[in-house]
Amino acid sequence: CMTTIYHTLGNLYKDMKRYKESIENYQKDLEISRKNYGDVHPQVATSYYWLAIVLAESGQKEKGLDYMARCIEVDMKYCGENSLRVAAGYFEISKILIQSRKFEDAKKFFDLNLKMEQKHYGDVHPLIANRYFIIGVEMREQSNAEEHQVDQHVKDHSSQPVEPAHHRELHCLFNYPGAHTDQQHHN
């Protein structure tokens, strides 16, 4: 099937960080999927999903968010508003928003994802722990990138240390179980 070929090429180019070619192949996959299945089908949602991922990875975060919203819209129509596919879309939106430094918005989508997945899997399922881990990694990567930028700025312009603007927000925004301040921990 041609969609499989274009999808596979999209993955290959994405992994090679050749985003232009990846986007072109995912767009062909989407076009063929819509022709074959109509606008409301899981295959169409999957095509939107991967296009959103590669757009976000290529730095086109707003377009990535737009395509992920389209993915979620299709999944809601086909699978229902509480489907795990919709929950997965919310999770990906939260990751893109973290990368876009929109932490409060990211938390809202992460909470939606978590609520839906906990309802389905329960609180102690490995997927739930994995979600916390992935969001933690995303937050750490953004914190490290920001600290590097601040460090470089300090080296270039001053001898005074400067705290990253979002440092506290990055570490405190997500209320992870077990993540307590020293004062809370001793109470």
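- Going from atom NZ of K115 over to atom CG of N82 covers 9.0 Å, rounded to the nearest 0.5 Å.
- Note that the NZ atom of K14 and the CG atom of L9 stand 14.0 Å from one another [nearest 0.5 Å].
- The backbone N or O of H7 sits nowhere less than 3.5 Å from a side-chain atom of D29 that would complete a donor-acceptor pair.
- When hydrophobic clusters are built by joining Ile, Leu, Val, Met, Phe, Trp and Tyr residues whose side-chain heavy atoms come closer than 4.5 Å, directly or via intermediates, V86 is not grouped with L84.
- The nearest pair of heavy atoms linking Y78 to H41 is CD1-CA, 4.0 Å.
- Between W50 and Y26, the angle of the ring planes stays under 30°, which puts this pair in the parallel group of the 30/60° scheme.
- With rounding to the nearest 0.5 Å, the separation of CG in D75 from CZ in R85 is 4.0 Å.
- The ring-ring contact (aromatic ring centres under 6.0 Å, His included) test applied to H125 returns Y121, not counting sequence neighbours.
- Salt bridge annotation for D111-K107: present, with a cationic side-chain nitrogen under 4.0 angstrom from a carboxylate oxygen.
- Panel note: side chain S33, backbone V44; no donor-acceptor pair is recorded below 3.5 Å.
- V40 and L51 fall into different hydrophobic clusters, where Ile, Leu, Val, Met, Phe, Trp and Tyr are joined by side-chain heavy atoms under 4.5 Å apart, directly or via other members.
- The distance from atom OH of Y49 to atom CD of E92, rounded to the nearest 0.5 Å, is 3.5 Å.
- Within the 4.5 Å cutoff, side-chain heavy atoms of I32 are placed close to those of N36.
- Considering all non-hydrogen atoms of both residues, A45 and C71 come closest at O-SG, 3.4 Å.
- Ring pair Y48/Y67 is tilted by interplanar angle, where 30° to 60° counts as tilted.
- Of the inter-residue distances, the one linking R131 atom CZ with Q118 atom CD reads 11.5 Å to the nearest 0.5 angstrom.
- Tracing side-chain contacts under 4.5 Å through hydrophobic residues (I, L, V, M, F, W, Y), one reaches Y37 starting from I72; they form part of the same cluster.
- In this structure, K63 places its NZ atom where only 12 or fewer heavy-atom neighbours from other residues, nucleotides or ligands lie under 6.0 Å away.
- Judged by distance alone, the side chains of E21 and N25 never bring a donor and an acceptor atom under 3.5 Å apart.
- With hydrogens and angles left out, the side-chain atoms of S47 and R34 include no donor and acceptor closer than 3.5 Å.
- Salt-bridge check for K108 with E104: failed, with every basic side-chain N at 4.0 Å or more from each acidic carboxylate O.
- In summary, of the residues considered (Y90, F103, F91), a ring pair (Phe, Tyr, Trp, His ring centres under 6.0 Å) with F109 occurs for Y90 alone.
- Side-chain atoms of I128 and E117, non-hydrogen and from C-beta on, do get closer than 4.5 Å to each other.
- With respect to the salt-bridge test (charged N to carboxylate O, under 4.0 angstrom), the residues E24 and K28 do not qualify.
- Hydrophobic clustering (ILVMFWY, side-chain heavy atoms < 4.5 Å, transitive): F110 and M116 are in distinct clusters.
- Looking at heavy atoms from C-beta onward, L30 lies out of side-chain contact with Q27 at the 4.5 angstrom threshold.
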**OP:** Given side-chain contact (heavy atoms from CB on, under 4.5 Å), test S94 with I135 step by step and report yes or no.
**Re:** CA-CA 8 Å; S94 71; I135 289 297; 3.5 Å; yes
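- The backbone N or O of I96 lies less than 3.5 Å from a partner atom in the side chain of S100, making a donor-acceptor pair.
- Residues N113 and A87 come closest through the heavy atom pair ND2-O, 2.8 Å.
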**OP:** Test R70 against E73 for salt bridge (charged side-chain N to carboxylate O under 4.0 Å, His left out), laying out the working first.
**Re:** CA-CA 5 Å; R70 293 179 195 192; E73 182 181 340; over 6 Å; no
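- Linking ILVMFWY residues whenever their side-chain heavy atoms come closer than 4.5 Å, directly or via other members, leaves L127 and L114 in distinct clusters.
- A donor-acceptor pair under 3.5 Å is absent between the side-chain atoms of S22 and the main chain of R18, judged by distance alone.
- The distance from the NZ atom of K61 to the NZ atom of K102 is 11.0 Å, given to the nearest 0.5 Å.
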